[in-house]
Amino acid sequence: MTTRLFFSLVLLCSFNTAQSAQESSPGPGIIVSAKARAIHEAALVIDTHADTPQRFLDGGFDIGSTDSNDPGHISLDRIRRGNLGAEFFSIWVEPETNEGHFARHTFDLIDSVYEQATRHPDRMTMAFSVADIERAHAEHKLAALMGIEGGHSIENDIHLLRDYYRLGVRYMTLSWSNTNEWADASGDINDPKVQHHNGLTDFGKQIVLEMNRLGMIVDISHVADKTFWDAIAVSKAPVIASHSSARALCNAPRNMTDDMLRAVAKNGGVVDVNFFSGFLDQAYWDASRAQSKERDAAVQGMLAKMRAEGKSVTYLDEDRLQREWTAKIPRPSFSVLIDHIDHIAKVAGVDHVGLGSDFDGVSGATPEGMDSAADLPKITQALLDRGYSEGDIRKILGGNVLRVFSDVERVSREMKSAK
Ligand SMILES: [Zn+2]
């Protein structure tokens, strides 16, 4: 078992939770102009991180849902309204409850994404390459991709890594909040009870190179700082941060320092901004940490009580309890999200920033006005308001991620032909 701090970070970072009933959030609304709408509709919009597969698998959620009261961020209807062209669905295996069978749960989550695509062939299609994304876009379908969130899923087995690639997984986050046997994580780096490795082990470096060879994007979100630097040094292909923001604006260990942003720029990669209020707004982060002890005790106490009463406890129960706590902290304004995009564009360059929403994974804690994928056009409006050109906006909305994916495919071809 892990420490309470670890558990607290678990809940903050990625526990699958859904948006609370904040569909009509207070605060000034952003009106999307006809010009912004036209730019947004013409763009290929790519989001690199959504935790929806747990809703598919454990919650019985159908992405075709048109329920306006559904608390989630993602549905085909909301995706269409937000003109989201490609989503990287996160294959995230909670490491405590799945101890001993990480691979099985990884396969189950992968299956859940395929099942949704099978159910909605007219509006959603599995995608495994840049060409697939572009084809889906031309057909007005959501391109569904998959990224594994946490290297523990491979169970220290490089063969399993290759199997995941064959099933269509196109990025892997080297660690989640938990340090695994070959990569240190930011989530428990200060926990003396966890065995750390000073970044990546030799096996971890082998994994990075094998990902390069396969054509699986190396994702450095969640990793400890030293793991980041090791991955940057080893990787032969550009890397991504699939859902991280800027530490200069919000001092959370999951965010990237300016030095890291510059290193990703030099590497040719992209940092996809996380929409979680706690990674965007210092006041939110501080308030969330301040309540963490009381919150964790209350949530865990309630779950223990349910178990003692013989009730089966699912992530939905924890989600509901978590949302009661996140709702106690005021939401930051929409502009904080744009501040992070703007900061990364200024420090790393406009070619190195994108969108990594963390939709359906942040306990409903997003800035005002960002309530689901349907709100993505507001980002285009806000960037126009700050003077960004149409070309630069298209890069941020998806062009940069597509370029990185294309470079990763090229490096893979080169490494395979060199053998
Ligand atoms: Zn995460």
Side-chain angles (χ1 to χ4, degrees), residues 4-27 49-52 54-55 58-59 61 69-74 78 90 92 94 149 176-177 186-187 221-222 243-245 249-255 273-304 306 313-337 339-340 356-375:
R4 192 166 294 285
L5 171 67
F6 169 78
F7 201 67
S8 167
L9 283 164
V10 165
L11 298 174
L12 275 171
C13 291
S14 185
F15 198 81
N16 180 313
T17 51
Q19 183 76 17
S20 59
Q22 292 166 329
E23 205 74 28
S24 55
S25 64
H49 199 91
D51 277 304
T52 325
Q54 290 160 88
R55 300 198 75 207
D58 299 330
F61 177 68
N69 292 318
D70 179 78
H73 289 134
I74 293 274
R78 289 167 177 161
S90 173
W92 172 66
E94 203 288 324
E149 183 173 18
W176 181 59
S177 296
S186 63
S221 281
H222 278 288
H243 59 309
S244 295
S245 301
L249 302 186
C250 181
N251 188 19
R254 276 279 284 99
N255 285 342
V273 172
N274 190 314
F275 299 0
F276 173 47
S277 297
F279 297 158
L280 296 174
D281 183 55
Q282 192 67 49
Y284 193 101
W285 173 251
D286 293 341
S288 184
R289 280 173 66 86
Q291 71 163 208
S292 64
K293 208 170 173 184
E294 196 187 350
R295 178 186 64 224
D296 294 348
V299 170
Q300 293 313 312
M302 187 65 81
L303 295 176
M306 289 173 67
V313 175
T314 71
Y315 91 90
L316 293 170
D317 298 304
E318 182 143 10
D319 169 40
R320 180 171 41 77
L321 296 167
Q322 282 294 323
R323 278 188 280 127
E324 288 171 12
W325 284 86
T326 57
K328 294 179 190 205
I329 307 173
R331 298 175 84 183
S333 71
F334 189 85
S335 63
V336 299
L337 169 58
D339 291 344
H340 281 258
S357 67
D358 219 347
F359 278 150
D360 289 335
V362 294
S363 308
T366 47
E368 281 185 346
M370 180 48 77
D371 294 319
S372 81
D375 291 318

Please report the shortest heavy-atom distance between Gln291 and Thr326, naming the atom on each side. OE1-N, 4.4 Å
Are Asp70 and Arg78 close enough for a salt bridge, meaning some N to O gap below 4.0 Å? yes
Just verifying a value: how many Å separate Ile74 CD1 and Thr52 OG1, rounded to the nearest 0.5 Å? 4.5 Å
Atom CG in Asp281, atom OG in Ser288: separation rounded to 0.5 Å? 11.0 Å
Test applied, side chain to side chain donor-acceptor pair (under 3.5 Å); reference residue, Ser90; option that passes from Gln54, His243, Glu149: Glu149
CG/Asn251 to CH2/Trp285 distance, rounded to the nearest 0.5 angstrom? 9.0 Å
Between CZ on residue Phe359 and CE on residue Met370, distance to nearest 0.5 Å: 5.0 Å
Gap separating the CD atom of Glu368 from the OG atom of Ser333, nearest 0.5 angstrom: 7.0 Å
Point-to-point distance, once rounded to the nearest 0.5 Å, from OG of Ser186 to NE2 of His222: 7.0 Å
A quick test of your reading: do over 12 heavy atoms of other residues, nucleotides or ligands sit less than 6.0 Å from CE of Met306? yes
On a heavy-atom basis, the closest approach of His340 and Ser245 is ND1-CB, 3.4 Å
Counting N and O atoms only, with roles assigned by atom type, does the side chain of Asp360 sit under 3.5 Å from a partner on the main chain of His73, one being a donor and the other an acceptor? yes
Nearest heavy-atom contact between Leu303 and Asp317 is CD2-CB, 4.1 Å
Is a donor on one side and an acceptor on the other found under 3.5 Å between the side chain of Ser277 and the backbone of Ala365? yes
Do Glu318 and Val313 come within less than 4.5 Å of each other through their side chains, counting heavy atoms only? no
For Cys250 and Gly278 the tightest heavy-atom approach is SG-O, 3.3 Å
Val362 vs Phe275 side-chain heavy atoms within contact, under 4.5 Å: no
For residues Ser363 and Gln322, report the shortest heavy-atom separation together with the two atoms involved. OG-CB, 3.9 Å
When Asn274, Val273, Thr366 are each screened for side chain to side chain contact (heavy atoms under 4.5 Å, CB included) with Leu280, the one that passes is Val273
Decide, yes or no, whether a salt bridge links Asp286 with Arg289 under the criterion of side-chain N to carboxylate O below 4.0 Å. no
Closest heavy-atom contact between Pro367 and Arg331? O-NH2, 3.0 Å
Going by the angle between their ring planes, with limits at 30° and 60°, are Tyr284 and Phe276 parallel, tilted or perpendicular? perpendicular
